[in-house]
2 protein chains.
Amino acid sequence: MDISKEIRQRREELGISQELLAEVSSLSLRTLKTLESGKGNPTLASIKKLTEVLGLELKIQVKSNEESRSL
Amino acid sequence: MDISKEIRQRREELGISQELLAEVSSLSLRTLKTLESGKGNPTLASIKKLTEVLGLELKIQVKSNEESRSL
DNA sequence: CCTTAAAGTGCTATATGTTGCACCTGTTGT
DNA sequence: ACAACAGGTGCAACATATAGCACTTTAAGG
């Protein structure tokens, strides 16, 4: 799933508003709105601010080879 | 591990130079150098360009509660 | 020694992410 | 209908990521 959608989904699961999330994660409300609506190209720092507050973690790993099997 | 270090490690595993990686991922060599040396704040787009070429995937997931157990 | 390849860095210009403000829409409750 | 709340968006200012260039350092190989 898209990162922006994951963030929105997680925020909604926690039942908090964009305004509150922006405040506690020290990210501007404007930036959060842009990010969640999938229109921006956020910096890693912005994403980390949100993941820390939301209890999410960003992992980078070797891709599982699904498309290799399909050929 | 840090994302910048993961990217460098993966590039070295594949045995390619920064110059080649920058070229095939349509990212400037300057930006890749900055990123790998851990000095920048890359955008999500830059990270995605690299992960796609390197066969890596960026995943965002609920944090496993290690620190909850330690208390 | 010299040459080549790979990586790091200062400088600069350009592109764009971040931010605040104002305003609009849609929803909920009275 | 009106008010309050949550979310989306255009605009402009500021901060900074991206990019190219030149130069340096280090390591490997002749």
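Proteins come first, then strands; the chains are lettered A, B, ... in the order of their sequence lines, and each starts at number 1.
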_Distance, rounded to the nearest Å, where Glu36(A) contributes CD and dA6(D) contributes C1'_ = 11 Å
_Would you say Gln18(A) places a side-chain N or O within less than 4.0 Å of OP1 or OP2 belonging to dG8(D)?_
yes
*Go along nucleotides 9-17 of chain D 5' to 3' and tag each nucleotide: B for a protein heavy atom under 4.0 Å from its base, S when only backbone or sugar atoms are that close, - otherwise.*
BBB-----S
*Rounded to whole angstrom units, what separation is found between the CG atom of Leu44(B) and the P atom of dT16(C)?*
15 Å
*Check the pair Leu44(B) / Leu44(A) against side-chain contact (heavy atoms from CB on, under 4.5 Å), numbers first and verdict last.*
CA-CA 6 Å; Leu44(B) 183 57; Leu44(A) 183 57; over 6 Å; no
*Once you round it to whole Å, what is the distance between P of dG8(C) and CG of Leu21(B)?*
13 Å
*Does Arg11(A) put a side-chain nitrogen or oxygen below 4.0 Å from OP1 or OP2 of dG7(D)?*
yes
*Starting from P on dT4(C), measure out to CD on Glu19(B) and report it in whole angstrom.*
15 Å
*Rounding to a whole Å, what distance do you find between Leu29(B):CG and dA6(C):C1'?*
10 Å
*CG of Leu35(A) versus C1' of dG7(D): gap in Å, rounded?*
14 Å
_Check: Lys49(B) side chain, Ser26(B) main-chain N or O, donor-acceptor pair, under 3.5 Å_ = yes
*Working for side-chain contact (heavy atoms from CB on, under 4.5 Å), residues Ile16(B) and Val24(B)*: CA-CA 11 Å; Ile16(B) 63 179; Val24(B) 298; 5.6 Å; no
*At what angle, to 10 degrees, do the two end axes of the helix from dC1(C)-dG30(D) to dT30(C)-dA1(D) meet, given five pairs define each axis?*
40°
*Verify the cluster assignment for Leu29(A) and Val53(A): are they in a single hydrophobic cluster under the rule of side-chain heavy atoms below 4.5 Å apart?*
no
*Report the distance from atom CG of Leu56(A) to atom CD1 of Ile60(B), rounding to the nearest 0.5 Å.*
5.0 Å
*asked:* Under 4.0 Å, counting only non-hydrogen atoms across every strand here, what does Leu27(A) touch: a base, just sugar-phosphate, or nothing?
replied: sugar-phosphate
*Check against side chain to side chain donor-acceptor pair (under 3.5 Å), Thr43(A) and Ser46(A)*: CA-CA 5 Å; Thr43(A) 61; Ser46(A) 295; 3.2 Å; yes
*May I have the step-by-step check of side-chain contact (heavy atoms from CB on, under 4.5 Å) for Leu14(A) and Leu21(A), ending in yes or no?*
CA-CA 10 Å; Leu14(A) 297 177; Leu21(A) 175 57; over 6 Å; no
*For the pair made of CD in Glu23(A) and C1' in dA6(D), what is the distance, rounded to whole Å?*
15 Å
*Would you mind reading off the distance between Leu32(A) atom CG and dT19(C) atom C1', rounded to a whole angstrom?*
13 Å
*Please check if atom CD in Glu12(B) has more than 12 non-hydrogen atoms from other residues, nucleotides or ligands closer than 6.0 Å.*
yes
*Test Arg8(B) against Ser4(B) for side chain to side chain donor-acceptor pair (under 3.5 Å), laying out the working first.*
CA-CA 6 Å; Arg8(B) 162 162 293 177; Ser4(B) 61; over 6 Å; no
